[in-house]
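A short worksheet on the structure shown next.
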Amino acid sequence: MAKANTPHIAIIPSPGMGHLIPFVELAKRLVEHDCFTVTLIISSESSPSKAQKSVLNSLPSSIASVFLPPADLSDVPSTARIETRVMLTMTRSNPALRELFGSLSTKKRLPAVLVVDMFGTDAFDVAVDFHVSPYIFYASNANVLSFFLHLPKLDETVSCEFRYLNEPVKIPGCVPVTGKDFLDTVQDRNDDAYKLLLHNTKRYKEAKGILVNSFVDLEPNAIKALQEPAPDKPPVYPIGPLVNTSSSDVNVENKSECLDWLDKQPFGSVLYISFGSGGTLSLEQFNELALGLAESDKRFIWAIRSPSGVASSSYFNPHSQTDPFSFLPIGFLDRTKEKGLVVRSWAPQVQILAHPSTCGFLTHCGWNSTLESIVNGVPLIAWPLFAEQKMNALLLVEDVGAGLRIHAGGDGIVRREEVVRVVKGLMEGEEGKAIGNKMKELKQGVVKGLGDDGFSTKSFSELLLKWKDHQREINQETSH
Ligand code: UDP
């Protein structure tokens, strides 16, 4: 509960685990170290998934959580992109948010600050009406944030679909990116998802500040450029990496199974494979990956989900409705039983990445997964699927040198030979060693950045000071 002199911060992630997890970490950091009071506001279009509930149940009692009533999306076609659903959920939760702020105001418990998600800027309307300071927590990296800030200008100056641009787009401090590598959401400019995203990015300038989940050793140039003052660009605070340090026990059974199995494997011998909280592969792709893993003859833990034609189909619910084991190629489990462990839907990722037996991570390059790997110094194989993952892969492979990129053939399928090539390349090749060394460097960069004098720590402290001052001003105003 908010005490009069304790700064009270409200935070509102967008639906989906990939956004909930870093927002919960932000909340924890605020209450643990800085005596803030935090209210976590959950918006949704249906009741929370098992995975979300498990994260929310693990919250310390000092973090209050409020569930807004589900937003009505009954008019939205089932074929709409997930980003459309996510952004509409946020916008259509505004009346409920307004009601909540009204009741908090009556109780004199209004927050001083409202931190919204990258997709939730319409909540600024409510914040401003209640004189609450609006901020964004951008739960991705500084390169992609720079792209979002640049999108309104791109929209004005480019008339074709971005994939037809002849030249890569160069944004100050960022890795040049070709139109076809832009995030999925902007690949069809007639789609509602594009229009809603553009609308959100146009509102970024209204924020009092943007927190970004990255750190200076990872993206020195992009962060430097973002911190140059410019009109219509709010101050940017790189406060990362803010990562999940203890996997929620979404599937306790899997947890001990994975960790016991890892305990029995040689040091630095296991590749972990996961496509995040919601990524899925087509049946053909799922098969090719399985056969490639078997052929590589390396040790692995693979968190599998039932195949689907839509890569983001499990975004709102990580657990497969059908048994994913039934899709594995015949004989696969037998063939790999000495070296591999396959788990259903959800693995204790944070513990796996921190385990000494783990030496690599084949990932879809979701930003939380990427940071969790970096924090543990685990080299990556980049297999982006949807959202901004291609941009993340570009940054990690081409710019940072933290991973190997897997390549699909002309039909869009990554063949088993390619799986074998990258898995061996990472686990036994010279290139793999260089990537391992880069990861060790980055891990040290994390420790430095989060140390007492670290860049991220200072950035966070500067922000908290602002918030404390703001709360003091509010208290003075209300006491007159
Ligand atoms: N995660 C996990 N076990 C799994 C899959 C995912 O603990 O089997 C967690 C992972 O540790 C990370 C988050 O879910 O914190 C996934 O976020 P990310 O940004 O990587 O991808 P998204 O799920 O948003 O695509």
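Just so you know, ligand 1 is whichever comes first in the structure, and atom 1 is the first atom listed for that ligand.
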- So, does Met17 sit close enough to ligand 1 that a heavy atom of it is under 4.0 Å from the ligand? no
- Relative to the heavy atoms of His364, which atoms of ligand 1 are at a distance of less than 4.0 Å? 20 (O), 21 (O), 22 (P), 25 (O)
- Note on the structure: Counting from 1 in the order shown, the ligand 1 atoms closer than 4.0 Å to a non-hydrogen atom of Gly18 are 17 (O), 24 (O)
- Query: Quick check: does Ser274 get an N/O under 3.5 Å from an N/O on ligand 1?
  - Reply: no
- For ligand 1, which atoms have a heavy atom of Trp367 less than 4.0 angstrom away? 19 (O)
- Message: Whether Glu441 and Lys438 form a salt bridge (side-chain N of Lys/Arg under 4.0 Å from carboxylate O of Asp/Glu) is what I want to check.
- Response: yes
- Query: Of Gly16, Ser277, Cys258, which has the heavy atom at the shortest distance from atom 23 (O) of ligand 1?
  - Reply: Ser277
- Task: Say whether Arg305, considering both its backbone and side-chain N or O atoms, lies within less than 3.5 Å of an N or O atom on ligand 1.
- Result: no
- Task: Decide whether Asp117 and Tyr138 meet the rule of one side-chain donor and one side-chain acceptor closer than 3.5 Å.
- Result: no
- Quick one: does ligand 1 sit under 4.0 Å from the side chain of Asn368, the backbone, both or neither, non-hydrogen atoms only? both
- Task: Fit a plane to each ring of Phe300 and Phe332, take the angle between them on a 0 to 90° scale, and name the class: parallel (under 30°), tilted (30 to 60°) or perpendicular (over 60°).
- Result: tilted
- Message: Distance to the ring centre below 6.0 angstrom and angle to the axis at most 45 degrees; does that hold for Arg189 and Phe162?
- Response: yes
- Heavy atom of His19 under 4.0 Å from ligand 1? no
- Query: So, Ser214 versus Glu219: side-chain donor-acceptor pair below 3.5 Å or not?
  - Reply: yes
- Message: If we count only N and O atoms by modelled type, under 3.5 Å, do the side chains of His355 and Asp263 hold a donor and an acceptor together?
- Response: yes
- Task: Give yes or no for whether the N/O distance cutoff of 3.5 Å, strictly under, is met between Ser369 and ligand 1.
- Result: yes
- Query: Does a side-chain N-to-carboxylate-O contact under 4.0 Å join Arg203 and Asp122?
  - Reply: yes
- Query: How far apart are the C-alpha atoms of Asn200 and Thr121, what are their side-chain angles, what is the distance that settles it, and do they pass the side-chain hydrogen bond (donor to acceptor under 3.5 Å, both in side chains) test?
  - Reply: CA-CA 6 Å; Asn200 267 286; Thr121 56; 2.6 Å; yes
- Task: Could you tell me which atoms of ligand 1, counted from 1 in the order shown, lie closer than 4.0 angstrom to a heavy atom of Ala347?
- Result: 2 (C), 3 (N), 4 (C), 7 (O), 8 (O)
